[in-house]
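This report refers to the structure that appears directly beneath it.
Every chain is numbered from 1 and lettered A, B, ... according to where its sequence line falls, protein lines coming before strand lines.
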2 protein chains.
Amino acid sequence: MKSTAPKVTIEVVAKKAGVSKGLVSFALNNRPGVSPETRVRILEVAKELGWKPSLRARSLSTQRSYALGLVIARNPDVLASDPFFPSFIAGVESILAPEGRALVLSVVPDEETELHTYRSLVADGRVDGVFVSDLRHNDARIPLLAELGLPAVTLGRPDGPSPFPAVTVDDTPGVMASVAHLATLGHRRIAHVAGSSTLLHGLRRRAAFAAALEAAGLPAGQTVETDFSVAAGSDATRRLLTQDHPPTAIVYANDPMAIAGLGMAHELGVRVPDELSITGYDDIDFCRYVYPPLTTVSAAPMVWGRSAASTLLTLMENGSADDVDLPAARLVVRGSTAPPSDR
Amino acid sequence: MKSTAPKVTIEVVAKKAGVSKGLVSFALNNRPGVSPETRVRILEVAKELGWKPSLRARSLSTQRSYALGLVIARNPDVLASDPFFPSFIAGVESILAPEGRALVLSVVPDEETELHTYRSLVADGRVDGVFVSDLRHNDARIPLLAELGLPAVTLGRPDGPSPFPAVTVDDTPGVMASVAHLATLGHRRIAHVAGSSTLLHGLRRRAAFAAALEAAGLPAGQTVETDFSVAAGSDATRRLLTQDHPPTAIVYANDPMAIAGLGMAHELGVRVPDELSITGYDDIDFCRYVYPPLTTVSAAPMVWGRSAASTLLTLMENGSADDVDLPAARLVVRGSTAPPSDR
DNA sequence: CTGAAAGCGCTTACAG
DNA sequence: CTGAAAGCGCTTACAG
């Protein structure tokens with residue numbers, strides 16, 4: 001049975017070590033001005049007493065929270081079917097945990113609430129920095145965060161000026177490789193089920209698609225814009241396949257839509273890959289296990305998370321951090337692509 | 001151009017209102033002992049000055065963090081393919097945000113790290129309470145949290161004694177309904193691809209499966225245990241279907257495995273639902289859009305999140321909270337189930 | 001109903 | 001190299 005331990009504070013450590021509180025603090029934080037022997041002694045006493053400085057007291061003095069924030073503005077459906085964030089967050093945590101930093105997560109329904117959430121996080125001093133994902137055209141968060149003075153790292157490079165470091169996985173090569181792969185197989189009518197054009201990565205994949213067609217000497221392909229949701233991917237596929245001259249291949253802006261597209265093709269009696277080739281983007285776990293397995297582009301969300309977290313910590317420590325360009329996403333060829341049937 | 005605002009604290013509000021700091025605090029927190037007129041005046045001055053009490057200072061005085069924690073111990077693959085948490089979290093946030101509470105999220109690789117994470121969260125005073133998900137047999141977290149004195153709410157009822165309120169969605173009726181549905185269609189060889197038996201909901205769905213077979217007067221069915229991952233679901237399906245007397249129907253413990261099973265059936269040339277019926281669990285978005293669309297059991301993770309958050313807040317406020325039994329998950333019949341072919 | 005003061009547990013100039 | 005004190009911005013007994 002434990003006796004109720006009297007709370008051990010910096011005060012009792014100082015007393016026991018025979019020094020002032022200030023000196024304990026200096027020793028703990030590796031500040032100059034403490035003789036080596038004294039420091040060792042203080043740290044020994046601290047360990048012996050099992051003392052950890054109070055995060056709350058420290059936060060009040062230093063005006064920092066030792067936590068980082070991620071606010072996600074997506075409708076729940078899209079969020080739920082997209083495995084990007086769980087993996088990304090796992091990567092982030094693997095860096096933050098050893099540093100004693102926590103992650104504060106907000107999931108909000110829309111962009112307006114999102115901006116308000118950043119203001120609240122700052123007003124409450126909940127976080128010392130944030131991850132900015134799902135970059136938008138002329139993203140309002142960049143100037144807001146700059147104005148609030150909140151350190152940030154962006155996932156990808158914004159299309160406007162930004163004072164923040166960017167950690168980027170270039171998605172252009174992967175999309176171009178997808179199209180080139182299809183072109184090489186002999187496809188000439190290739191369509192694109194694009195993501196939301198309010199999102200930069202949606203726009204960029206779309207542009208890469210167009211550029212790749214041109215590079216392959218093919219005519220411009222049909223593009224259907226969606227909100228990245230499974231439902232929209234399914235609808236877009238139906239629309240494309242029920243035309244007079246349907247495409248023989250479809251490049252999807254993400255895997256969930258591609259998987260929905262696969263289902264729709266089955267439903268319409270269009271055989272994949274014999275009559276229709278399909279490619280996705282992200283290489284989520286499902287890709288390997290649907291039938292036929294999905295040709296897709298493999299990003300590495302966990303690595304992205306680790307790198308973004310490191311960059312943000314560096315920024316907060318040094319006041320600046322370099323942009324990081326991670327290896328570009330790569331094409332992974334599986335069973336959902338094949339030469340087009342003769343028609 | 002803004003002038004750098006001099007920081008407005010409780011002190012300046014008090015001064016301007018002509019009262020003491022203490023009184024401002026009392027007025028703010030609706031404590032008795034402030035005359036109505038004085039309170040109104042104080043609050044007006046506060047609003048006028050745009051004052052919000054400092055969360056950090058308040059945290060230090062009250063020894064609370066005004067944040068709640070969720071720590072998830074899953075391997076990243078399983079986590080990524082399971083849309084439960086994003087939806088659950090969206091539900092949690094919808095309750096916390098208006099209350100000015102934040103959610104601290106930890107994703108850890110294993111159970112040991114998980115326990116350590118709870119200790120850290122308490123040691124650092126990061127959270128005032130936690131959500132306990134993925135309950136295990138004889139869950140070590142229950143006694144740990146009790147010992148740490150950290151308020152908690154469990155998702156589902158633990159199988160041991162627990163001092164914490166439980167918010168439960170009974171999954172037994174849904175699984176039993178699945179089996180009954182298949183039995184009614186005429187299936188007699190029904191198998192179960194179970195989740196991990198270290199997880200209570202895995203165990204419970206498995207028990208429900210067995211009970212339902214018995215209730216239908218059918219012989220015990222084959223059960224293959226998995227770790228809930230897409231890969232394991234795929235493997236289990238292959239094993240079941242490549243036997244001499246394969247089952248004519250498979251009940252999966254979650255949707256991702258069922259979707260992988262669908263893919264494997266296709267790969268093996270087994271037609272669904274003609275030669276094989278399949279049911280899932282959770283009703284994730286994908287279910288509607290694979291082909292054939294998946295018969296499954298619909299839980300409501302967002303509602304669960306809202307309810308768990310409310311319960312935890314009540315517990316922290318009142319020192320106790322009632323268990324909540326949410327409506328049981330319901331069977332949703334779609335195209336992946338049909339009468340068995342004659343053999 | 002109200003005021004003055006101590007306390008939460010650290011960090012950080014300022015003296016010596 | 002070290003100590004004593006102020007400060008971070010609240011809350012909460014304690015007096016009156």
For this session: Anything under 30° is parallel, anything over 60° is perpendicular, the rest tilted; go ahead and classify F88(B) against F84(B).
Result: parallel
Exercise. When all nucleic acid strands are considered with a 4.0 Å heavy-atom cut-off, which category describes S59(B): base, sugar-phosphate, or nothing?
Worked result: nothing
For this session: Could you say whether L23(B) or F26(A) is positioned toward the 5' end of DNA chain C, judged by the nucleotide with the nearest heavy atom to each?
Result: L23(B)
For this session: Nearest whole angstrom, please: distance from the C1' of dT12(C) to the CZ of R31(A).
Result: 7 Å
Problem set entry | Polar side-chain atom of S65(B) near backbone of R126(B) as donor-acceptor pair, under 3.5 Å | yes
Tell me which donor-acceptor pairs under 3.5 Å the side chains of residues 90-99 of chain A have, and how far apart each pair is, sequence neighbours excluded?
{"from": "E93(A)", "atom 1": "OE2", "to": "V107(B)", "atom 2": "N", "distance (Å)": "3.4"}
{"from": "S94(A)", "atom 1": "OG", "to": "G91(A)", "atom 2": "O", "distance (Å)": "2.7"}
{"from": "S94(A)", "atom 1": "OG", "to": "R306(A)", "atom 2": "NH1", "distance (Å)": "3.0"}

Exercise. Within the distance-only criterion (no hydrogens, no angle test), does the side chain of R141(B) pair as donor or acceptor with the backbone N or O of S133(B) below 3.5 angstrom?
Worked result: yes
Problem set entry | Interatomic distance, L145(A) atom CG to L115(A) atom CG [nearest 0.5 angstrom] | 8.5 Å
Exercise. What base-paired stems does DNA chain D take part in, with at least 3 consecutive Watson-Crick or G-U wobble pairs and both distances under 3.5 Å?
Worked result: C:1-3 with D:14-16, C:5-12 with D:5-12, C:14-16 with D:1-3
Exercise. Is the side chain of D323(B) donor-acceptor paired with the backbone N or O of A166(B) at a distance under 3.5 Å, no angle test?
Worked result: yes
Distances under 3.5 Å between protein N/O atoms and the N/O atoms of nucleotides 8-10 of chain C, please, pair by pair.
{"from": "dC8(C)", "atom 1": "O3'", "to": "Q63(B)", "atom 2": "NE2", "distance (Å)": "3.3"}
{"from": "dC8(C)", "atom 1": "O2", "to": "S61(B)", "atom 2": "OG", "distance (Å)": "3.4"}
{"from": "dG9(C)", "atom 1": "OP1", "to": "K7(A)", "atom 2": "NZ", "distance (Å)": "3.4"}
{"from": "dG9(C)", "atom 1": "N2", "to": "A57(A)", "atom 2": "O", "distance (Å)": "3.4"}
{"from": "dG9(C)", "atom 1": "N2", "to": "S61(A)", "atom 2": "OG", "distance (Å)": "3.2"}
{"from": "dC10(C)", "atom 1": "OP1", "to": "W51(A)", "atom 2": "NE1", "distance (Å)": "2.9"}
{"from": "dC10(C)", "atom 1": "OP1", "to": "S54(A)", "atom 2": "N", "distance (Å)": "3.2"}
{"from": "dC10(C)", "atom 1": "OP2", "to": "I10(A)", "atom 2": "N", "distance (Å)": "2.6"}
{"from": "dC10(C)", "atom 1": "O5'", "to": "S54(A)", "atom 2": "N", "distance (Å)": "3.1"}
{"from": "dC10(C)", "atom 1": "O2", "to": "S61(A)", "atom 2": "OG", "distance (Å)": "2.5"}
{"from": "dC10(C)", "atom 1": "N4", "to": "K21(A)", "atom 2": "NZ", "distance (Å)": "2.8"}

Problem set entry | Check: R157(B) side chain, S162(B) main-chain N or O, donor-acceptor pair, under 3.5 Å | no
Exercise. Is D128(B) paired with R101(B) through a side-chain N to carboxylate O contact shorter than 4.0 Å?
Worked result: no
